[in-house]
Amino acid sequence: MNKTYKRVSTKAVLYWLVMSILFFDIVIQGNRLLDCALETDAEGSSRQEQNAGQDQTGGNDAMDSDPYCDIIRVALTFDDGPHPVYTPMLLDGLQERGVKATFFVTGENAEAYPELIERMRKEGHLIGNHTYSHVELSAVGEETFFKELEQTSQILEELTGEEILFVRPPYGEWNKEIEALCNMFPVLWDVDSLDWSSKNTQAVAKRVLKDVEDGDIILMHDSYLSTVEAALYLIDVLTEQGYEFVTVDELLFD
């Protein structure tokens, strides 16, 4: 009985010794993190005071002049194309501005206008899958939906020579079953321009400018003249505010 009691006591002592060491280590690390946070906060306050005396004429000009700030980035994405008239107009405007975008195209439109898919690829835009005929998952079921994705990826891979890695499901409908079947990353959006509901260029642009923030994915459709005009206007305005335009893969994985 006494021997057993002594063994238990020894284990208990060792246990509490280890726990005490861990406790004090956590306290020390916590104090270090707190000191670091306070130091960072002090540096940030100092930079804000310096910036307060500088001329701030644009929405994000002060951020651009501060070497400690990260680049603010957004991704323009266009669904349902390519369109035989408006997509070339959009590509011209993007090329003039040196901007890269992401196009989620349907398989039937890619088949109809393969030269536009080839131009997108050559000019450095990212091309994604938007099903073959813009079907809604809940309306057609998983089997048909997956077949449309497969068919579209095959068409695009033959046209571009590249594997298609990104998909935007029409109407944003997606589920884990479909995700398990296909080797593509689903991409939704943060800001919906609702460009399909208005042909007013300024209204479309204003809606995006009101909501856009750093890191956002903007949803548009290259099927309307008003969208092309709004998109190019947005690029000009946001570029002046310090935004950089990237493709969704850069935004998600860089």
Side-chain angles (χ1 to χ4, degrees), residues 74-95 99-137 139-140 144-174 178-179 181-196 204 217-232 234-235 245-253:
V74 292
L76 276 175
T77 65
F78 299 92
D79 290 7
D80 299 356
H83 187 281
V85 176
Y86 301 126
T87 301
M89 293 174 58
L90 177 61
L91 289 172
D92 288 343
L94 295 174
Q95 189 174 42
V99 166
K100 302 295 185 290
T102 302
F103 291 85
F104 291 100
V105 304
T106 63
E108 58 186 2
N109 285 338
E111 279 186 324
Y113 311 107
E115 70 282 0
L116 293 178
I117 301 297
E118 178 62 16
R119 180 180 173 185
M120 290 174 188
R121 185 193 66 80
K122 284 184 177 180
E123 294 179 2
H125 303 291
L126 182 65
I127 300 171
N129 191 323
H130 200 47
T131 73
Y132 183 82
S133 58
H134 203 270
V135 294
E136 187 174 3
L137 173 57
V140 300
T144 299
F145 190 85
F146 178 64
K147 286 181 179 179
E148 289 234 349
L149 292 178
E150 278 193 315
Q151 184 179 5
T152 302
S153 286
Q154 183 177 353
I155 292 167
L156 294 176
E157 287 170 9
E158 289 176 357
L159 290 172
T160 64
E162 299 173 354
E163 184 180 3
I164 304 303
L165 298 175
F166 298 91
V167 54
R168 171 165 287 160
Y171 311 103
E173 287 200 10
W174 192 250
I178 290 292
E179 188 167 341
L181 289 172
C182 65
N183 296 318
M184 290 185 287
F185 296 98
V187 178
L188 299 182
W189 55 87
D190 302 295
V191 179
D192 188 348
S193 67
L194 298 177
D195 54 350
W196 55 269
V204 173
I217 297 174
I218 302 169
L219 168 62
M220 306 187 84
H221 301 80
D222 51 326
S223 306
Y224 314 103
L225 176 59
S226 53
T227 294
V228 174
E229 294 173 341
L232 299 180
L234 285 169
I235 291 171
F245 291 87
V246 297
T247 52
V248 295
D249 56 335
E250 295 176 275
L251 197 63
L252 297 174
F253 298 111

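Because the structure is a prediction, the values reported are computed rather than measured.
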Does the side chain to side chain contact (heavy atoms under 4.5 Å, CB included) test come out yes or no for Thr227 and Tyr86, once each step is laid out? CA-CA 9 Å; Thr227 294; Tyr86 301 126; over 6 Å; no

Contact summary for Leu219 and Ser193, nearest pair of heavy atoms: O-OG, 2.8 Å

Counting C-beta onward and ignoring hydrogens, is there a side-chain heavy-atom pair between Phe145 and Ile178 closer than 4.5 Å? yes

Neighbour count >12 (heavy atoms, 6.0 Å) for atom CZ, Phe185: no

Do Pro84 and Asn109 come close enough that some side-chain heavy atom pair is under 4.5 Å? no

Interatomic distance, NE2@His83 vs OH@Tyr224, rounded to 0.5 Å, equals 9.0 Å

For a salt bridge (Lys or Arg N to Asp or Glu O under 4.0 Å) check, start with the C-alpha distance between Arg119 and Asp92, then their side-chain angles and the critical distance, and finish with the verdict. CA-CA 11 Å; Arg119 180 180 173 185; Asp92 288 343; 2.6 Å; yes

Could you grab the distance from atom CD of Glu148 to atom CD of Glu150, nearest 0.5 Å is fine? 11.5 Å

Rounded to the nearest 0.5 angstrom, the CD-CD distance for Gln151 and Glu111 is 6.5 Å

Taken to the nearest 0.5 Å, the spacing of Ile218 CD1 from Leu234 CG works out to 6.5 Å

Is any side-chain heavy atom of Phe104 closer than 4.5 Å to a side-chain heavy atom of Val187? yes

Are Ile155 and Tyr132 packed together at the side-chain level, in the sense that at least one heavy-atom pair is separated by less than 4.5 angstrom? yes

Can you tell me how far apart CE (Met220) and CG (Asp79) are? Round to the nearest 0.5 Å. 11.0 Å

Assess whether side chain to side chain contact (heavy atoms under 4.5 Å, CB included) is satisfied between Leu149 and Thr131, documenting all intermediate values. CA-CA 5 Å; Leu149 292 178; Thr131 73; 3.8 Å; yes

Taking the inter-plane angle between the rings of Tyr171 and His134 on a 0 to 90° scale, is it parallel (under 30°), tilted (30 to 60°) or perpendicular (over 60°)? perpendicular

If you define the side chain from C-beta out and look only at heavy atoms, does anything of Leu90 sit under 4.5 Å from Phe78? yes

Atom pair CG/CD of Leu159 and Glu118 - distance to nearest 0.5 Å: 8.0 Å

If you look at every heavy atom in His125 and Val99, which pair is closest and at what distance? CE1-O, 3.4 Å

Is the side chain of Asp195 donor-acceptor paired with the backbone N or O of His221 at a distance under 3.5 Å, no angle test? yes

How far apart are the C-alpha atoms of Ile127 and Glu162, what are their side-chain angles, what is the distance that settles it, and do they pass the side chain to side chain contact (heavy atoms under 4.5 Å, CB included) test? CA-CA 10 Å; Ile127 300 171; Glu162 299 173 354; over 6 Å; no

Verdict with reasoning, Thr247 to Glu250, per side-chain hydrogen bond (donor to acceptor under 3.5 Å, both in side chains): CA-CA 5 Å; Thr247 52; Glu250 295 176 275; 2.9 Å; yes

Could you tell me if the side chain of Pro88 sits less than 4.5 Å from the side chain of Tyr113, heavy atoms only? no

Pair Leu94, Glu123 - check side chain to side chain contact (heavy atoms under 4.5 Å, CB included), show working. CA-CA 9 Å; Leu94 295 174; Glu123 294 179 2; over 6 Å; no

Can a donor-acceptor pair be found, under 3.5 Å and without considering hydrogens, that links the side chain of Thr106 to the backbone of His130? no

Check for a donor-acceptor pair, side chain of Asp222 on one end and backbone N or O of Pro82 on the other, with a separation under 3.5 Å. no

Using the rule side-chain contact (heavy atoms from CB on, under 4.5 Å), only one of Ile117, Leu91, Asp80, Leu126 pairs with Phe103; which is it? Leu91

Less than 4.5 Å apart, any side-chain heavy atom of Val248 and any of Thr77? yes

So do Ser223 and Trp196 actually touch side chain to side chain, heavy atoms under 4.5 Å? no

